[in-house]
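Quick note on labels: first sequence line is chain A, next is B, and so on, each numbered from 1.
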Amino acid sequence: MTALKLYNTFSREKEDFKPLNPPLVGMYVCGPTVYNSVHLGNCRTFVSFDILFRYLLHLGYKVRYVRNITDAGHLESDADEGEDKIAKKARLEQLEPMEIVQRYTIDFHKVLDQFNNLPPSIEPTATGHIMEQIEMTEKILQNGYAYETDDAIYFNVEKLAKQFPYGKLSGRNLEDLYNNTRELDGQEAKKGKLDFALLIKAKPTHIMQWSSPWGRIFPGWHLECSAMSSKYLGEEFDIHGGGMDLVPTHHTNEIAQNVACCGKSPARYWVHTNMLTVNGQKMSKSLGNSFLPAELFSGNHKLLEKGYSPMSVRFFMLQAHYRSTLDFSNEALQAAEKAFVRLMAAVKILPSLKTGASTSSNISALKNSVYEALNDDLNTPVALAHLFDGVRIINTVNDGKETITEEDKQLLVKLFNEIIFDVFGLKEELQENKNLDGVMKTILEIRAEAKAKKDFVTADKIRNELLENGIQIKDGKEGATWSFTL
RNA sequence: GGUCGGGUGGCCGAGUGGCUAGGCAGAGCUCUGCAAAAGCUCGUACAGCGGUUCGAAUCCGCUCUCGACCUCCA
């Protein structure tokens, strides 16, 4: 079987994934700035990395997955002229900054839990690592890659760029960056226009500030990730991820900080997820086209015809590759919902399949195809396509038109359980209930008796009224079965 | 404007030189008391124009078009 390959933004190629210290794997993913509810586009990134996390665990790696919470220091403008996002929101809502942080951190966890994401191994906060950020700034200053002004400690991009390809991650050269970066007002203190603030000197009115060797400060945006990834994963670790929109600024500057501080780029594999789009446009808070997960689940949004369950949405995300844009529409969501129901129905009947002396399909080839797809840069849509071949096999055997041996059946059970539940993180949403099972058995018996007497009025009444209540009856050769509808 | 990435059947979405995924929707068939479910069959798509090749959705060039980043953003 092939080995896992991941597309590395830094090299722009798919590379064999080889951890620095197997079986250990260190993975850092940029988490949210908790000044607002996460929208569906944000969720896509975290779901994608959840699947990578789960797949690495499935392959037997011991993964330390670090995902930060940015609860301070994230400025309105990347030129460091703006106001701290948390502080701004706090002022608008007349709340303590940490009250905002608490509210949206809880919201974030709740939403990811609904999507059935596993929690990361460590979830550090920026405010909890001010000391580490100060220490890193000291090192960068000592190494000569930063300078102090009246308003901040700035990173000297030009100096670093002489020794390190600063724009490589985003595929830009320094000249282009210079020519296409806007000159902003009030930045005279900076030596170079690409320079960015490591720490910003706080005015007395600034409500989040800390003591430092340079007076009262608050952190810039990029420093916290460098400080926390170094602390928990080391100066060099395996995977660093985030949304594609973080590549040109945030991750580029993170690399710069680590190189200036420790002499090396922090991560060996840079993995970036693409955007969720609505009518072809990126979903973002600033464009006002974002959906909150709660709106999606309830259907309470003007663009939605109905609500969609968290697992239908997760399945929808799995149907596209993480590096492609994914367009969001009612039609696409409904298709995903139906496909998900069909997949889960097959999973449910799989254990009860009758086995025989031979198998008419090649189950181990199917299994290999699924793993080949996942190993090819986590190609979940192709893996899913192969699983649907499995669905067809399951249904055909169930219809008595094909056969499967006990051994192959167990192989298929293991494959379906491991990939669908462990790796893809899907789950059955409609809980089985033993009481209901008994009730349904009785009802189906009554209906069978009615049918035997050719009392189709009664039989159809039972069938139709149950359907209205979300239960579908399926008449088969060996009696009727039932399932929930979504 | 600069840089980068796309344009695939009704819709979503894989696929980087020949074997032409998958899901949803649609049509027909089997099964069924009728349905549903399930299975089978069908539609034979690759923005346009050139070029390379025995052969291109896939490589090259040009054109059109959409988007991302360059400003907070997953």
Next on the checklist: With rounding to the closest Å, how many angstrom separate the C1' atoms on B:G48 and B:G43?
Outcome noted: 24 Å

Checklist entry - When the P atoms of B:G10 and B:G26 are considered, how many whole Å apart are they? => result 15 Å

Item to check | Pi-cation contact, A:Phe424 with A:Arg54 (under 6.0 Å, within 45°) | outcome: no

Next on the checklist: For a quick check of understanding: with a heavy-atom distance under 4.0 Å over all strands, which category does A:Pro381 fall into, base, sugar-phosphate or nothing?
Outcome noted: base

Next on the checklist: Does B:A38 have its OP1 or OP2 closer than 4.0 Å to a side-chain nitrogen or oxygen of A:Asn395?
Outcome noted: no

Item to check | Atom C1', compared across B:G6 and B:G15: separation rounded to whole Å | outcome: 15 Å

Item to check | side-chain N/O A:Arg323 vs B:G6 OP1/OP2, d < 4.0 Å | outcome: no

Next on the checklist: Rounding to an integer number of Å, can you tell me how far A:Met317 CE sits from B:C12 C1'?
Outcome noted: 15 Å

Checklist entry - Could you state the CG-C1' distance from A:Leu326 to B:C66, rounded to the nearest angstrom? => result 16 Å

Checklist entry - Expressed as a whole number of Å, how far does the C1' atom of B:C49 sit from that of B:A37? => result 49 Å

Next on the checklist: Can a donor-acceptor pair be found, under 3.5 Å and without considering hydrogens, that links the side chain of A:Tyr7 to the backbone of A:Asp376?
Outcome noted: no

Checklist outcome for this item: Any strand, both distances under 3.5 Å, Watson-Crick or G-U wobble: B:U44 pairs with none

Item to check | Polar side-chain contact A:Asn464-B:A35 base: donor and acceptor under 3.5 Å | outcome: no

Checklist entry - Of A:Asn42, A:Leu40, A:Asp327, which meets side-chain contact (heavy atoms from CB on, under 4.5 Å) against A:Met283? => result A:Leu40

Item to check | Whole-Å P distance, B:C70 and B:G50 | outcome: 39 Å

Checklist outcome for this item: Of the listed B:G67, B:C4, B:A74, the closest approach to the A:Gln281 side chain comes from B:G67

Checklist entry - Within the modelled atom types, does a donor on one side and an acceptor on the other bring the side chain of A:Arg463 and the base of B:C34 under 3.5 Å apart? => result yes

Item to check | Value in whole Å for how far the C1' atom of B:C24 lies from CG of A:Leu343 | outcome: 14 Å

Checklist entry - With a 4.5 Å heavy-atom cut-off, do A:Leu318 and A:Leu426 have their side chains touching? => result yes

Item to check | 5′-ward residue of the pair A:Lys282/A:Lys285 relative to RNA chain B | outcome: A:Lys282

Checklist entry - With rounding to whole Å, what would you report as the distance between B:A57 and B:G18 at their P atoms? => result 10 Å

Checklist entry - For A:Lys451 and B:U32, is the shortest distance between a side-chain N/O and OP1 or OP2 below 4.0 Å? => result no

Checklist entry - Closest to the A:Phe388 side chain: B:A14, B:G23, B:G39? => result B:G23

Checklist entry - Can you find a donor-acceptor N/O pair under 3.5 angstrom joining the side chain of A:Asp460 to the base of B:G33? => result yes

Checklist entry - When you check the phosphate oxygens OP1 and OP2 of B:G39, does a side-chain N or O of A:Arg342 lie under 4.0 Å from one of them? => result yes

Next on the checklist: Donor-acceptor pair, distance only, cut-off 3.5 Å: does the side chain of A:Ser229 make one with the backbone of A:Cys225?
Outcome noted: yes

Checklist entry - Once you round it to whole Å, what is the distance between P of B:G9 and CD of A:Glu331? => result 13 Å

Next on the checklist: Using atom C1' in both nucleotides, what's the gap between B:C46 and B:U58 to the nearest angstrom?
Outcome noted: 10 Å

Checklist entry - Does the base of B:C70 carry an N or O that pairs as donor and acceptor with the side chain of A:Arg172 under 3.5 Å? => result no

Next on the checklist: Quick check on B:A38: is either OP1 or OP2 less than 4.0 Å from any side-chain nitrogen or oxygen of A:Lys401?
Outcome noted: no

Item to check | Salt bridge present between A:Arg323 and A:Asp377 (N-O < 4.0 angstrom) | outcome: yes

Checklist entry - NZ of A:Lys168 versus P of B:C69: gap in Å, rounded? => result 23 Å

Item to check | Opposite nucleotide pairing with B:G10, Watson-Crick or G-U, both atom distances under 3.5 Å | outcome: B:C24

